[in-house]
Amino acid sequence: MKNMQNSRTKTVDLVIQAMLIALVFISTVFLNIKLPIASNGGLVHLGTAMLFIASILFGPKKGAIAGAVGMGLFDLVGGWLVWAPITIISRALQGYIVGKIAWSKGSQGESLPKNIFAMIVSVPVMIGVYYIGEAIMFSSLIIPLTSIPGDLVQNAIGMMIAIPVCLVLKKIPYIASFAR
C-alpha cells in the first residue's frame with residue numbers, strides 16, 4: 001500500500017512539474033513583446049510571472065525546473081538558440097532563489113513580504129547571469145548594458161502579475177493541497 005501511495009505521489013509531482021514547464025513556455029511564447037530598446041535585448045514576456053508563481057506556490061525545485069526548461073525551450077524553438085544556455089542558467093537560479101526564500105522557515109510561500117523580497121532578490125541574479133553571458137557572447141562589457149532596462153521591465157511586470165495571482169491561488173484549497 002505504501003509503494004502505491006509513493007508511486008502516486010511521484011506521478012502527481014511529475015504531472016505538476018510538466019504543467020508548470022508548459023505554463024512557463026506558453027506564457028513566454030504567446031505573451032511576449034519585443035521592445036525597441038536594443039538589438040540584443042528587450043523581449044518582455046509573461047514567462048517571468050509564471051516562473052515567480054511556480055516558485056512561490058511549489059517551491060525552489062519545481063520553480064527552478066519550470067523556469068529553466070520552459071524558457072530554455074522557448075529559446076530553442078523560438079529562434080533564440082544562442083541564448084538558451086544563458087536562459088537555462090539564469091532562470092534556474094531565479095526560480096530556485098524565489099522558491100527557497102518564499103519557502104524558508106516553513107512558510108511555503110504563505111508570507112507576502114517574504115514572497116516580494118524573494119522576487120526582488122532574484123532580479124539582480126537573473127540580470128547578472130544574462131550580463132555575463134552577453135559580455136562573453138559579444139566580447140563587450142558595454143553592449144550587455146542595453147538589455148538591463150528590458151530585463152527590469154520584464155521582472156517588474158512579472159511581480160505585478162505574480163503577487164495578486166499567488167494571493168488568490170493560495171486561497172484555493174485544491175491548489176494549496178498540491179503545493180505542499
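Values reported hereafter were calculated over all heavy atoms of this structure, with side chains retained and with hydrogens, waters and symmetry mates removed. Everything quoted here is computed from the prediction, not taken from an experiment. Index from 1, following the sequence.
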Inset, instruction - Test side-chain contact (heavy atoms from CB on, under 4.5 Å) on Ile116 and Met159 and set out the steps. - result: CA-CA 8 Å; Ile116 293 169; Met159 286 183 224; 5.7 Å; no
Legend entry - Evaluation steps, side-chain contact (heavy atoms from CB on, under 4.5 Å), between Met119 and Asn155: CA-CA 8 Å; Met119 290 183 281; Asn155 280 279; over 6 Å; no
Legend entry - Verdict with reasoning, Ser122 to Phe52, per side-chain contact (heavy atoms from CB on, under 4.5 Å): CA-CA 10 Å; Ser122 77; Phe52 289 151; 3.7 Å; yes
Inset, instruction - Walk me through it: do Phe25 and Met50 pass the test side-chain contact (heavy atoms from CB on, under 4.5 Å)? - result: CA-CA 9 Å; Phe25 176 74; Met50 284 307 307; over 6 Å; no
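Connection of Val82 to Ile89 is established within a shared hydrophobic cluster, with ILVMFWY side chains joined at heavy-atom distances below 4.5 Å, either directly or through further cluster members. Linking ILVMFWY side-chain heavy atoms closer than 4.5 Å, directly or via other members, places Leu145 and Phe138 in a single hydrophobic cluster. Both Phe58 and Val69 belong to a single network of hydrophobic side chains, linked directly or stepwise wherever heavy atoms of I, L, V, M, F, W or Y lie under 4.5 Å apart. Taken together through direct or relayed side-chain contacts under 4.5 Å among Ile, Leu, Val, Met, Phe, Trp and Tyr, Phe30 and Val165 form part of one hydrophobic cluster. At a threshold of 4.5 Å between side-chain heavy atoms, the hydrophobic network of Ile, Leu, Val, Met, Phe, Trp and Tyr places Ile86 and Leu73 in one connected group.
Distance check: Glu110 CD to Leu57 CG gives 9.5 Å after rounding to the nearest 0.5 Å. The CZ atom of Arg91 sits 3.5 Å away from the OG1 atom of Thr48 when rounded to the nearest 0.5 Å. The line from CG of Leu23 to CD1 of Ile16 is 11.5 Å long, rounded to the nearest 0.5 Å. Atoms CG and CD1, on Asn115 and Ile120 in that order, are 11.0 Å from each other to the nearest 0.5 Å. For the atom pair Phe117 CZ and Ile97 CD1, the distance stands at 10.5 Å (nearest 0.5 Å). Summarising the geometry, atom CD1 belonging to Ile88 is positioned 12.5 Å from atom CD1 belonging to Ile65; distances are rounded to the nearest 0.5 Å.
Under the 3.5 Å distance criterion, the side-chain polar atoms of Ser55 are left unmatched by any main-chain donor or acceptor of Val98. In terms of modelled atom types and a separation under 3.5 Å, the side chain of Ser111 and the main chain of Lys114 share a donor-acceptor contact. One N or O on the side chain of Thr146 and one on the backbone of Ile143 form a donor-acceptor pair closer than 3.5 Å. For the pair Gln17 (side chain) and Lys62 (backbone), a donor-acceptor distance under 3.5 Å is present. Within the 3.5 Å criterion, the main-chain N or O of Leu81 finds no donor-acceptor partner in the side chain of Asp75. In terms of modelled atom types and a separation under 3.5 Å, the side chain of Trp103 and the main chain of Ile56 share a donor-acceptor contact.
Within a 6.0 Å sphere centred on OH of Tyr131, other residues, nucleotides and ligands contribute more than 12 heavy atoms.
Across every non-hydrogen atom of Gly67 and Leu51, the tightest pair is CA-CD1, 3.5 Å. Between Gly72 and Ala84, the shortest heavy-atom distance links the atoms O-CB, 4.3 Å.
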